[in-house]
Every structure is written in structure tokens, then in C-alpha cells.
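Below is one structure, written out as C-alpha cells; comments come after it.
Proteins come first, then strands; the chains are lettered A, B, ... in the order of their sequence lines, and each starts at number 1. All values below were derived from every heavy atom in this structure, side-chain atoms included, with hydrogens, water molecules and symmetry-related copies excluded. Predicted, not measured: the structure shown is a model, and the values here were computed from it.
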There are 2 protein chains.
Amino acid sequence: MHGRGPWWQERFNQHCVRVTAAREVVINVLHETAEHLSATEIYMKAHAISPEIGLTTIYRTLELLEQMRIVQKFDFGDGQARFELLNNPGGKGHHHHLICVKCKKIIDYKDFINEEINCLGKTQEFLSEKYNFQINDHIVSFYGLCEECRGKKS
Amino acid sequence: MHGRGPWWQERFNQHCVRVTAAREVVINVLHETAEHLSATEIYMKAHAISPEIGLTTIYRTLELLEQMRIVQKFDFGDGQARFELLNNPGGKGHHHHLICVKCKKIIDYKDFINEEINCLGKTQEFLSEKYNFQINDHIVSFYGLCEECRGKKS
DNA sequence: TATAATAATGAAAACCATTTTCATTTAAAG
DNA sequence: CTTTAAATGAAAATGGTTTTCATTATTATA
């Protein structure tokens with residue numbers, strides 16, 4: 001069923017985008033950690049593997065991967081974008097977020113995912129048709145204050 | 001049942017935050033448009049009403065309102081944060097987003113909103129207890145490519 | 001295999017949204 | 001009215017992200 005090469009190869013082909021060393025490194029770095037990495041963090045890890053890769057390329061690659069829906073970009077409010085591989089929404093690694101707006105703490109959760117996925121799935125199907133969108137994935141985030149921050153002033 | 005003064009007055013009191021002219025203006029500006037305004041756009045509108053209000057205050061006010069959960073901050077990927085009043089999640093104005101990752105087009109939708117809210121409500125209750133969070137609201141966003149962008153290269 | 005055409009890259013500079021500093025003003029408490 | 005702490009504006013600094021531009025690598029074509 002599956003072709004040769006990694007799962008994302010096909011996406012590259014669809015988008016007429018070349019598979020380069022830098023892009024493979026970025027995907028591998030994300031695959032190894034897969035948790036909320038910033039562009040700079042990705043750069044440092046990638047740089048450790050292939051020192052010739054520049055920060056600019058990291059940014060360009062991440063933007064590309066985002067548009068190909070291989071990567072999801074997040075803003076948790078701490079001033080820098082963060083990225084996660086999104087190989088299979090609805091699959092194993094998929095999770096949602098619980099975010100403290102004061103200290104920016106983030107909790108990944110998977111509880112009730114089935115019910116949520118079910119419900120979101122219906123919505124996705126509907127929206128996809130109504131607005132003629134090719135929907136690939138979604139973000140669900142809950143916002144509030146964690147225990148420690150609830151006490152604080154200002 | 002309701003006290004005197006606008007609905008957000010109580011929040012200010014809870015958080016020991018002063019009600020100032022600038023803050024009222026910001027809330028009013030958001031109340032009038034209530035759609036995806038950036039800090040600069042809010043500044044311009046606020047400035048038109050009260051020219052003594054500076055951009056810095058706009059930023060500070062927005063951060064404050066975000067922490068008090070009077071305002072929700074969004075990142076749609078166009079390089080600047082955007083803000084919406086979130087007076088009543090589950091209420092009339094509440095909506096979710098459908099975002100094109102290429103052209104950054106945003107569609108507000110309310111379809112299936114009740115089912116989603118319903119389903120998310122259960123999750124919220126569960127998470128709230130499990131992680132001891134005071135959850136005030138949520139974001140649901142679908143990502144993909146719109147009709148026009150699906151054809152484009154690169 | 002040569003050659004042409006296009007895409008990808010790195011380094012440095014530019015950009016620009018957001019934050020910080022600091023001196024001043026304003027609001028609430030006693 | 002006085003005191004104390006919070007809020008503000010202007011200007012400067014910050015720092016994540018993008019652009020520019022010259023160079024290199026990749027794919028298509030002859």
C-alpha cells in the first residue's frame with residue numbers, strides 16, 4: 001500500500017517541493033522530540049547534526065512544512081512560535097492543550113480525546129464541504145489560570 | 001442580580017485592577033467591532049477617540065484583559081497577534097475558526113457550535129478538576145487550504 | 001553528459017511587533 | 001488632604017522573524 005520512502009515523501013511530491021538534507025534533518029529533529037520546540041531550539045538541534053544549516057533555512061523549512069500540513073505551528077503566548085509534527089491527527093501522538101495565561105504553563109492532554117475527535121470529525125466534514133476547504137488538522141486549546149497563578153495579584 | 005456598572009467591572013474588582021479611561025476605551029473599541037483586531041488597529045481606533053492613549057498602554061491593557069479572560073488573543077499566522085472580546089463563551093457571539101495556512105484567510109463559523117460546546121464542556125469539567133485549573137474559555141481552529149490556494153504551487 | 005532553468009541555501013541586514021525603562025500622572029485608601 | 005501604589009506615555013531596546021542577494025545544488029532538457 002505504502003510507497004517507498006518516508007510517509008511525508010508523498011506530500012513533498014504533491015507540492016512539487018524538493019527533498020533536501022536540511023528538510024530531512026528538521027523533520028527528524030521534530031520526530032525525536034515532537035514537543036513544542038521553538039525555531040531556535042530546532043536550529044540548535046539541527047545545527048548539532050549538520051552545522052552548515054542556517055537559522056534562515058530552519059524558518060523557511062518550518063513555514064513550508066506548515067503549509068504542507070506536516071507541521072503545526074503554535075503560539076502559546078511566550079513570544080515565539082512553537083512547532084510540532086502532526087503526522088496523524090486522530091492518531092497516537094495527537095493531543096490538545098491546556099494553557100495558563102499568566103505563567104504560560106502548558107499541559108498536553110489526551111483525556112476525552114475520543115469523544116472530542118468524534119465531534120470535531122463531524123464538524124470538519126461539514127465545514128470542509130460547506131467552505132470548500134481541504135482541512136488537514138485542528139487545534140483545541142483551553143485557557144485559564146493554573147493553581148499557582150490563581151492566587152497571584154495583578 | 002447584576003451589580004451596577006458594566007459586566008466586566010466585577011472582573012476588575014476580583015483582580016484588584018483599576019478601571020481607567022484607557023481600559024474602558026479599549027473594551028469599547030473591541031465591543032464595537034469584535035473581530036480579529038490587531039494591537040495597532042485597536043490603537044488607531046482608540047487613538048481616534050482619546051488621542052492621549054499610547055500604543056504601549058494598548059499592549060499593556062490587552063495583556064491585562066487577556067489574563068482576566070475578558071479578551072482572547074489569537075495568532076492566525078500573519079505576524080501579529082489579534083484580539084477578540086470573549087464576553088460569553090457558549091453565548092451568542094462565540095465562534096470557532098477555519099484558517100487557510102497559505103493565504104491566512106480566516107472564516108468564522110458557528111455550525112455545530114452547540115454540539116462542540118457541549119462536548120468541550122464535558123472535557124473542560126474533567127480537565128479543570130484533574131489539573132486544578134480555572135478554565136475560562138477555549139479555542140477551536142481548523143487548519144487547511146482554501147479553494148484558491150489548493151491550486152497554487154510552492 | 002553538458003547545459004540551461006529553477007529551487008534552495010547561508011550570512012548579514014532589515015524589519016517590525018512587542019517589551020522595557022524611567023520619569024510623570026492618576027487613582028484609591030486612610 | 002495626604003499618602004501609597006498603580007497606571008501611563010515617550011523613547012529606546014529587544015528579539016523573533018523576514019528579506020536581500022550572491023552562491024550552490026537540483027532537476028529538466030538537449
Side-chain angles (χ1 to χ4, degrees), chain A residues 5 9 11-27 36-44 46-68 70-71 73-83 101-102 104 152-154, chain B residues 5 9 11-27 36-44 46-68 70-71 73-83 101-102 104 152-154:
Chain A
Q9 177 103 45
R11 291 285 178 86
F12 276 62
N13 297 340
Q14 281 172 6
H15 288 259
C16 301
V17 160
R18 293 177 183 170
V19 177
T20 67
R23 290 167 182 175
E24 288 190 278
V25 169
V26 170
I27 290 178
H36 313 154
L37 291 183
S38 69
T40 305
E41 287 166 350
I42 294 167
Y43 167 68
M44 291 188 298
H47 195 259
I49 298 168
S50 302
E52 73 278 4
I53 299 178
L55 181 54
T56 309
T57 298
I58 300 293
Y59 275 105
R60 281 192 282 232
T61 300
L62 288 171
E63 160 120 40
L64 198 64
L65 294 177
E66 193 202 354
Q67 293 191 358
M68 292 193 291
I70 289 170
V71 154
K73 183 180 184 180
F74 289 91
D75 172 34
F76 294 126
D78 66 337
Q80 58 198 319
R82 295 185 171 276
F83 303 85
V101 290
K102 190 162 281 181
K104 320 295 188 192
K152 293 183 201 160
K153 278 199 53 180
S154 156
Chain B
Q9 177 104 45
R11 291 286 178 89
F12 276 63
N13 297 339
Q14 281 173 7
H15 287 259
C16 303
V17 160
R18 293 179 184 171
V19 177
T20 67
R23 289 168 182 173
E24 289 192 275
V25 170
V26 169
I27 291 178
H36 313 151
L37 291 183
S38 70
T40 305
E41 287 166 350
I42 293 167
Y43 167 67
M44 291 188 299
H47 195 261
I49 297 169
S50 302
E52 73 278 4
I53 299 178
L55 181 55
T56 310
T57 298
I58 300 293
Y59 275 105
R60 281 192 282 230
T61 300
L62 288 169
E63 161 118 39
L64 199 63
L65 294 177
E66 192 202 354
Q67 293 190 358
M68 294 194 289
I70 289 170
V71 154
K73 184 179 182 181
F74 288 91
D75 172 33
F76 295 127
D78 67 336
Q80 57 199 320
R82 294 184 173 275
F83 302 84
V101 291
K102 189 162 283 182
K104 320 295 187 192
K152 294 184 201 162
K153 278 199 56 182
S154 157

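Between the CG atom of A:Leu62 and the C1' atom of D:dT18 there is a distance of 14 Å, rounded to whole Å. Rounded to whole Å, the distance from CG on A:Leu64 to C1' on C:dT9 is 13 Å. When rounded to the nearest whole Å, the span between CD of A:Glu52 and P of C:dA8 equals 17 Å. To the nearest angstrom, C1' of D:dG16 lies 12 Å from CG of A:Asp75. Taking atom CD1 on A:Ile42 and atom C1' on D:dT17, their separation rounds to 14 Å, with Å as the unit. At whole-Å resolution of the value, CD in A:Gln67 and P in C:dA8 are 12 Å apart. Straight-line distance from the CD1 atom of B:Ile53 to the C1' atom of C:dT25: 15 Å, rounded to whole Å. As rounded to whole Å, 16 Å separates atom P of D:dA6 from atom CZ of B:Phe12.
The CD atom of B:Glu24 sits 11.5 Å away from the OG1 atom of B:Thr61 when rounded to the nearest 0.5 Å. Taken to the nearest 0.5 Å, the OG1 atom of B:Thr56 stands 9.0 Å off from the OH atom of B:Tyr43.
Using a 4.5 Å heavy-atom threshold, the side chains of B:Leu64 and B:Arg23 count as touching. Under the 4.5 Å side-chain criterion, counting only non-hydrogen atoms from C-beta, B:Leu37 is not in contact with B:Phe83. In this structure the side chain of A:Lys73 never reaches within 4.5 angstrom of the side chain of A:Leu62, judged on heavy atoms. Side-chain contact check for B:Met68 versus B:Gln14: every heavy-atom pair is 4.5 Å or farther apart.
Considering all non-hydrogen atoms of both residues, B:Gln67 and A:Lys102 come closest at OE1-CE, 3.4 Å. Taking every heavy atom of both residues into account, A:Val25 and A:Ser50 meet most closely at CG2-OG, 3.8 Å. Here the shortest heavy-atom pairing between A:Ala46 and A:Ile58 reads CB-CD1, 3.9 Å.
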All N/O contacts under 3.5 Å from nucleotides 17-19 of chain C to the protein, with atom names and distances to one decimal?
| unit_1 | atom_1 | unit_2 | atom_2 | d |
| --- | --- | --- | --- | --- |
| C:dT18 | OP1 | B:Ala81 | N | 2.9 |
| C:dT18 | OP2 | B:Tyr59 | OH | 2.5 |
| C:dT18 | O5' | B:Tyr59 | OH | 3.4 |

When you check every protein heavy atom under 4.0 Å of nucleotides 23-28 of chain D, what one-letter string (B, S, -) results, 5' to 3'? ---BS-

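Across all strands shown, B:Arg60 has heavy atoms under 4.0 Å from base atoms, whether or not it also approaches the sugar-phosphate.
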